[in-house]
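Report on the following structure.
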Amino acid sequence: MPPRQPEPPSGLPEEEKGSSQEEEEEANVLLVEEAATGKKAAAAEEGGASWRPSPVGWFRMLARELHWSFVFGVVSTYGISQGLGGGIMRVASDYYWKDVQRVQPSAAQVYQGVTSIPWMVKPLWGLLTDVLPVAGYRRRPYFIFAGFMGVVAMLVVALHSKLHVLFALLALMAGSASVAIADVTIDACVAENSIMHPHLAADMISLNGFCASVGGLIGFSISGFLVHAIGSQGALGMLAIPSALVILAGVMIKDVHLPDFPYELAHMKFVEATRKMLATLKCPEVWRPCFYMYMSLALSVDIQEGMFYWYTDQSAGLSFSEGFIGFIYAIGSVGSLIGVILYQNILKDHSFRNLLCLSQLLLSMSGMLDLILVLRLNLKLGIPDYYFAVIDEGVSKMINRIKWMPLLVLSSKLCPPGIEGTFYALLMSIDNVGLLSGSWAGGLILHVLNITRTEFKNLWAAILIRNAMRLLPLALLFLVPRSDQNSSLLPVELLTEDDNAQSQVENVELTSLTVDGKSSTAFLHEECKIQDDVEQDDDEASLLANRS
């Protein structure tokens, strides 16, 4: 039995007795809580217990350790701007090109690819936010600029009833650039905090993924209802709200002020990073997998706009409503999450070649579900169109994610020391170029087969061509290393830094900082932060996988 608490002396008044007893009870409670917390922490360190804080406690811990403005920035950028806004943008832009601009499916396919161009120059945004501060701040101005660009672009699309197709395309590109710049900037903040709080790096990655996944699921779920209620232009205008939150995040973000930044060092950093990237790309162990990644995405042509027009056509198609289209895409997000779980628990220990071969075969086979739906064979099997379309989207996104995960791991292992973040952004840009090539190739196929707004008799042929082309990357698998996903792929000469050259650069930087009277600690902290940037790009890969 626990020992009894000593009673207060009998000579004290009753009020003082009660007060003293309450104070002792509170002190004992605090001691018990501290002991329990210490035991949980010790057990977690020794691996003897799997204690984890509640979701609310986890958010509070991150806000306390990393500053609440950083957590708000992640929620605003990944959760609301990329996740929720990206889901609404996907559905609303499809209806905008179809119903407002009234373009053909082939043209809409090309335009959707063009709007992703700002993501192809992600290394440029990354270098700018890393080495070129504005008004003495590295992060805040880029958040504010990105937010204002998104607000203006979305309001132009929403309020102009007869916007020319070229200006509409430029406005949607500006909206995409807004999200891309904010994404790069918050990635830089995560990288900086990963260095200052290395024990919280995994928690920050989990926060990014959680916000993006939940935001995307909500965005797809409500997108169809928004388009039905206020139209595609109104839904696109609603995206000014996520951009405004990005502005607010930029105003509140905790950022170091460097009033006398030496801009000549920024030029040196640009030159050095460019030189090392070019040298790395010349290495056969790097350019061969890069070429495979580009070709595998470019040959997996995209005819999504042709399928979307057929889904929503009221005479020759399935006549799906706006709400059901959003529901289909939401189920696709669920399928993508299932793909991550399968990869994490079953497939992550297989070799690159085996897993990429399997995923490419499954991708081609899953495309046959579209053929079954277009030929209406599902009705002969007794499966209604609504159910089969949902199954088709879920399976397709699951396999796309299984294909994407080893490509992501492969990209992370091709990054040389010192420029991991910038080189990873370059690899993501190569993947974006591959997606753009596949989108434009799909638009060309739709045009050649004369698949229009109301004519879909050759849609089955486009699906067969797409499925056949998905098998072509199998002939290029020899470019991918045979090793498993836990092995190092770079040659030794790229893994070791040139110590003399590195020390010379550091000496020049230190000398310049000393002469100009600048804070060397703050600047050198910013100089080394890029080394952990590669961990942050998993969520951008989620966005790319949803596009593919």
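Numbers here simply count residues along the sequence, with the first being 1.
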Exercise. Between Ser106 and Ile451, does a side-chain contact (heavy atoms from CB on, under 4.5 Å) hold up when you go through it step by step?
Worked result: CA-CA 8 Å; Ser106 57; Ile451 298 171; over 6 Å; no
Of all heavy-atom pairs between [X] and [Y], which one has the smallest distance, and what is that distance?
X	Y	value
Gln233	Val157	NE2-O, 2.9 Å
Val480	Arg353	O-NE, 2.6 Å
Ala107	Val103	CB-CB, 4.1 Å
Phe456	Ala316	CD1-CB, 3.9 Å
Gly175	Ala153	N-CB, 3.8 Å
Met173	Thr115	CG-CA, 3.8 Å

Hey, could you give me the [atom1]/[atom2] distance between [X] and [Y], rounded to the nearest 0.5 Å?
X	Y	atom1	atom2	answer
Gln101	Leu169	CD	CG	9.5 Å
Leu84	Leu217	CG	CG	10.0 Å
Leu436	Asp431	CG	CG	12.5 Å
Ser296	Leu477	OG	CG	9.0 Å
Leu358	Ile399	CG	CD1	9.0 Å
Ser69	Arg140	OG	CZ	8.5 Å

Counterpart residues, side chain to side chain donor-acceptor pair (under 3.5 Å), relative to [X] (two or more places apart):
X	value
Tyr309	none
Ser93	Gln112
Tyr311	none

Has [X] got more than 12 heavy atoms of other residues, nucleotides or ligands less than 6.0 Å from its [atom1]?
X	atom1	value
Tyr292	OH	yes
Phe145	CZ	no
Phe225	CZ	no
Met365	CE	no

Would you check if the side chain of [X] reaches a backbone N or O of [Y] as a donor-acceptor pair within less than 3.5 Å?
X	Y	result
Ser359	Leu356	yes
Arg139	Thr185	no
Ser336	Gly332	no
Ser178	Ala146	yes
Gln104	Arg453	yes
Ser176	Leu172	no
Asn458	Leu449	yes

Answer whether the closest heavy-atom distance between the side chains of [X] and [Y] falls below 4.5 Å.
X	Y	value
Leu163	Tyr96	yes
Gln360	Ser300	yes
Val246	Phe148	no
Phe220	Ile328	no
Leu362	Ile402	no
Asp313	Phe320	no
Phe308	Lys98	yes
Leu281	Leu426	yes

Using residues 463-474 as the side-chain source, report each donor-acceptor pair under 3.5 Å to any protein atom, sequence neighbours left out, with the distance given to one decimal.
residue : atom : partner : partner atom : Å
Arg466  : NH1  : Asp370  : OD2          : 3.1
Arg466  : NH2  : Gly367  : O            : 3.2
Arg466  : NH2  : Asp370  : OD2          : 3.0
Asn467  : ND2  : Gly367  : O            : 3.4
Asn467  : ND2  : Ile463  : O            : 3.3
Arg470  : NH1  : Leu363  : O            : 2.9

Exercise. Taking it one step at a time, do Met307 and Val374 satisfy side-chain contact (heavy atoms from CB on, under 4.5 Å)?
Worked result: CA-CA 9 Å; Met307 294 296 298; Val374 168; 4.2 Å; yes
Enumerate, atom names and distances included, each donor-acceptor pair closer than 3.5 Å involving a side-chain atom of residues 379-396, sequence neighbours excluded.
residue : atom : partner : partner atom : Å
Asp385  : OD1  : Arg376  : NH2          : 3.3
Asp385  : OD1  : Asn378  : ND2          : 2.9
Asp385  : OD2  : Arg376  : NH2          : 2.3

Exercise. Is the charged tip of Arg401 near the ring of Tyr343: under 6.0 Å from the six-membered ring centre and within 45° of its axis?
Worked result: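 No cation-pi geometry.
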For this session: Please confirm whether Arg288 makes a cation-pi placement over Phe291, using NZ or CZ under 6.0 Å from the six-membered ring centre and within 45° of the ring normal.
Result: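 Not flagged: Arg288 not positioned over aromatic ring of Phe291.
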Problem set entry | Geometric class of the Tyr111/Trp97 ring pair [parallel <30°, tilted 30-60°, perpendicular >60°] |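 Rings of Trp97 and Tyr111: tilted, as their planes differ by 30° to 60°.
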With distance as the sole criterion, is a donor-acceptor pair present between the side chains of [X] and [Y] under 3.5 Å?
X	Y	value
Tyr95	Thr312	no
Glu455	Asn450	no
Ser429	Trp119	no
Ser439	Gln109	yes

For this session: Check the pair Ile218 / Val214 against side-chain contact (heavy atoms from CB on, under 4.5 Å), numbers first and verdict last.
Result: CA-CA 6 Å; Ile218 296 174; Val214 173; 3.8 Å; yes
Seminar exercise, completed: Paired with Ile325, the side chain to side chain contact (heavy atoms under 4.5 Å, CB included) test is passed by just one of Val227, Asp94, Val91, namely Val91
Problem set entry | Verdict with reasoning, Ile430 to Leu427, per side-chain contact (heavy atoms from CB on, under 4.5 Å) | CA-CA 5 Å; Ile430 294 174; Leu427 295 179; 4.2 Å; yes
Exercise. Tell me the side-chain hydrogen bond (donor to acceptor under 3.5 Å, both in side chains) pairs involving residues 151-174, sequence neighbours left out?
Worked result: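 Of all non-adjacent pairs touching residues 151-174, none passes side-chain hydrogen bond (donor to acceptor under 3.5 Å, both in side chains).
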